[in-house]
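One structure is given below, encoded as structure tokens.
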Amino acid sequence: MPSQGSDLSYTVPGMSMQDSNEIVGMLQMRLHSLNDLHLTLKHIHWNVVGPHFIAVHEMLDPQVDKVRSMTDDVAERISTLGGEPKGTPGALVDARPWSDYSIGRAEAIEHLGALDLVYTAVIKDHREAMQATETPDPVTQDMLIEQLRGLELFQWFVRAHLESSGGTLSTRGATTETRAAGQAADQARHQP
């Protein structure tokens, strides 16, 4: 995970500068991820069409608001640890190892299929950061646990649209947003 370098001039009492640097680096990537998720949710909100438009359009607004709140919490924790949160679009694009969200104007079910993969990636990385902070920084870990609670709930909202009556997710096995969107659309067409 990227480190902020040794430019911290202070950190919280009882934490080593090395631990603080590593945690600030992890949190910076979480900040980028959450900022990206916020923008992706708004993109979907603006580009969703079809018979389930209003349900998905309105489902996303509270998610957008909560994710924006998460970004603020992460940025403030970076500052508390003595770091400098970087929230500019250029910093996000330069640091992220993932690509832009790939679905434009599309049916609600297609966006939800792709969004399931987005949430999976964000949650996976958030869990890794949560586990890495258990010993050196339980305060940060507590924040990440609370955020995971919300992120996992939002993914469940998305997955409820993608699950068959037999409990199978239409996105199962998909590795790209485009494939997940296609699988979700296929399942929706074949369900009674």
Side-chain angles (χ1 to χ4, degrees), residues 1-47 59-103 114-158 175-177:
M1 298 214 173
S3 173
Q4 288 286 295
S6 58
D7 57 347
L8 300 182
S9 58
Y10 67 89
T11 192
V12 295
M15 184 180 294
S16 74
M17 292 297 275
Q18 179 180 345
D19 284 345
S20 189
N21 257 333
E22 289 175 14
I23 292 166
V24 165
M26 279 189 275
L27 288 176
Q28 183 58 60
M29 288 308 294
R30 297 297 74 233
L31 180 60
H32 289 322
S33 179
L34 291 170
N35 272 328
D36 190 78
L37 177 58
H38 162 259
L39 293 170
T40 297
L41 289 167
K42 282 311 283 186
H43 170 82
I44 295 168
H45 175 84
W46 297 322
N47 286 289
M59 178 183 75
L60 293 178
D61 273 334
Q63 293 182 31
V64 168
D65 293 343
K66 183 68 174 172
V67 171
R68 281 300 293 159
S69 178
M70 290 177 191
T71 63
D72 198 45
D73 291 342
V74 171
E76 289 174 357
R77 185 65 184 159
I78 290 169
S79 292
T80 299
L81 293 171
E84 177 186 341
K86 293 173 178 65
T88 63
L92 188 163
V93 170
D94 287 346
R96 70 181 183 184
W98 62 87
S99 299
D100 270 341
Y101 183 75
S102 60
I103 309 298
L115 185 56
D116 181 37
L117 262 59
V118 171
Y119 269 122
T120 294
V122 171
I123 289 168
K124 177 185 165 288
D125 291 346
H126 237 66
R127 281 189 164 277
E128 288 173 5
M130 181 265 303
Q131 291 167 351
T133 56
E134 181 176 9
T135 299
D137 189 5
V139 174
T140 294
Q141 184 188 48
D142 183 59
M143 176 190 70
L144 294 171
I145 289 169
E146 184 59 31
Q147 291 178 352
L148 279 163
R149 193 172 286 121
L151 293 168
E152 290 173 0
L153 179 67
F154 294 152
Q155 187 177 35
W156 174 60
F157 292 169
V158 168
T175 57
T176 68
E177 293 162 1

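- Ser20 has its side chain within reach of Val24: a pair of non-hydrogen atoms, C-beta onward, lies under 4.5 Å apart.
- With sequence neighbours excluded, the residues that form a side-chain hydrogen bond (donor to acceptor under 3.5 Å, both in side chains) with Arg96 are Asp36, Asp100.
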#### Entry: Candidate pair Trp46 and Leu60, rule side chain to side chain contact (heavy atoms under 4.5 Å, CB included), full reasoning
CA-CA 10 Å; Trp46 297 322; Leu60 293 178; over 6 Å; no

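- Residues meeting the side-chain hydrogen bond (donor to acceptor under 3.5 Å, both in side chains) test with Thr71, sequence neighbours left out: none.
- Between the OG1 atom of Thr120 and the CG atom of Leu151 there is a distance of 11.0 Å, given to the nearest 0.5 Å.
- Thr135 has its side chain out of reach of Gln141: every pair of non-hydrogen atoms, C-beta onward, lies at least 4.5 Å apart.
- No donor-acceptor pair closer than 3.5 Å links the side chain of Glu177 to the backbone N or O of Ile103.
- Atoms NZ and CG, from Lys124 and Leu148 in turn, are 12.5 Å apart once rounded to the nearest 0.5 Å.
- To the nearest 0.5 angstrom, Leu41 atom CG is 10.5 Å from Asp65 atom CG.
- With a 4.5 Å cut-off on side-chain heavy atoms, Leu81 and Leu8 do not count as touching.
- The shortest non-hydrogen separation linking Arg30 to Asp125 is NH2-CB, 3.1 Å.
- A distance-only check finds no donor-acceptor pair linking the side chain of Ser33 to the backbone of Val122 [under 3.5 Å].
- Every residue two or more places apart in sequence or in another chain was checked for a salt bridge (charged side-chain N to carboxylate O under 4.0 Å, His left out) with Glu76, and none qualifies.
- Sorted by first and then second residue, the salt bridge (charged side-chain N to carboxylate O under 4.0 Å, His left out) pairs with a member in residues 142-158 read Arg127-Glu152, Glu146-Arg149; sequence neighbours excluded.
- In this structure, Asp137 and Met15 approach most closely via the heavy-atom pair CG-CE, 3.2 Å.
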### Message
Using side chain to side chain contact (heavy atoms under 4.5 Å, CB included), reason through Lys86 and Leu31 one step at a time and then give a plain yes or no.
### Response
CA-CA 8 Å; Lys86 293 173 178 65; Leu31 180 60; 5.8 Å; no

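- Residue Trp156 places its CH2 atom among 12 or fewer non-hydrogen atoms of other residues, nucleotides or ligands, all under 6.0 Å distant.
- Interatomic distance, Gln131 CD to Ile145 CD1, rounded to the nearest 0.5 Å: 10.0 Å.
- Heavy atoms only, all atoms of each residue included: His126 and Gln147 are closest at NE2-OE1, 2.7 Å.
- For Asp116, the side-chain hydrogen bond (donor to acceptor under 3.5 Å, both in side chains) partners two or more places apart in sequence, or in a different chain, are Gln155, Arg159, Thr171.
- Applying the salt bridge (charged side-chain N to carboxylate O under 4.0 Å, His left out) test to Lys42 and every residue at least two apart in sequence or in another chain returns Asp61.
- Between His45 atom NE2 and His43 atom NE2 the span is 12.5 Å, to the nearest 0.5 Å.
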### Message
Before you tell me yes or no, could you show the steps for Thr140 and Met26 under side chain to side chain contact (heavy atoms under 4.5 Å, CB included), namely the whole-Å CA-CA distance, both residues' side-chain angles and the distance that decides it to 0.1 Å?
### Response
CA-CA 11 Å; Thr140 294; Met26 279 189 275; over 6 Å; no

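- To the nearest 0.5 Å, atom OG1 of residue Thr40 and atom CG of residue Asn35 are 10.5 Å apart.
- Considering all non-hydrogen atoms of both residues, Tyr101 and Leu115 come closest at OH-N, 4.3 Å.
- When all heavy atoms of Tyr10 and Thr80 are compared, the pair lying nearest together is CE1-O, 4.1 Å.
- At a threshold of 4.5 Å between non-hydrogen side-chain atoms, the residues Pro136 and Ile23 count as touching.
- The two atoms that bring Pro85 and Ser79 nearest to each other are CD-OG, 3.3 Å, heavy atoms only.
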### Query
Should Gln63 and Leu37 be marked as a side chain to side chain contact (heavy atoms under 4.5 Å, CB included) after you check the CA-CA gap, both sets of side-chain angles, and the distance that decides it?
CA-CA 10 Å; Gln63 293 182 31; Leu37 177 58; over 6 Å; no

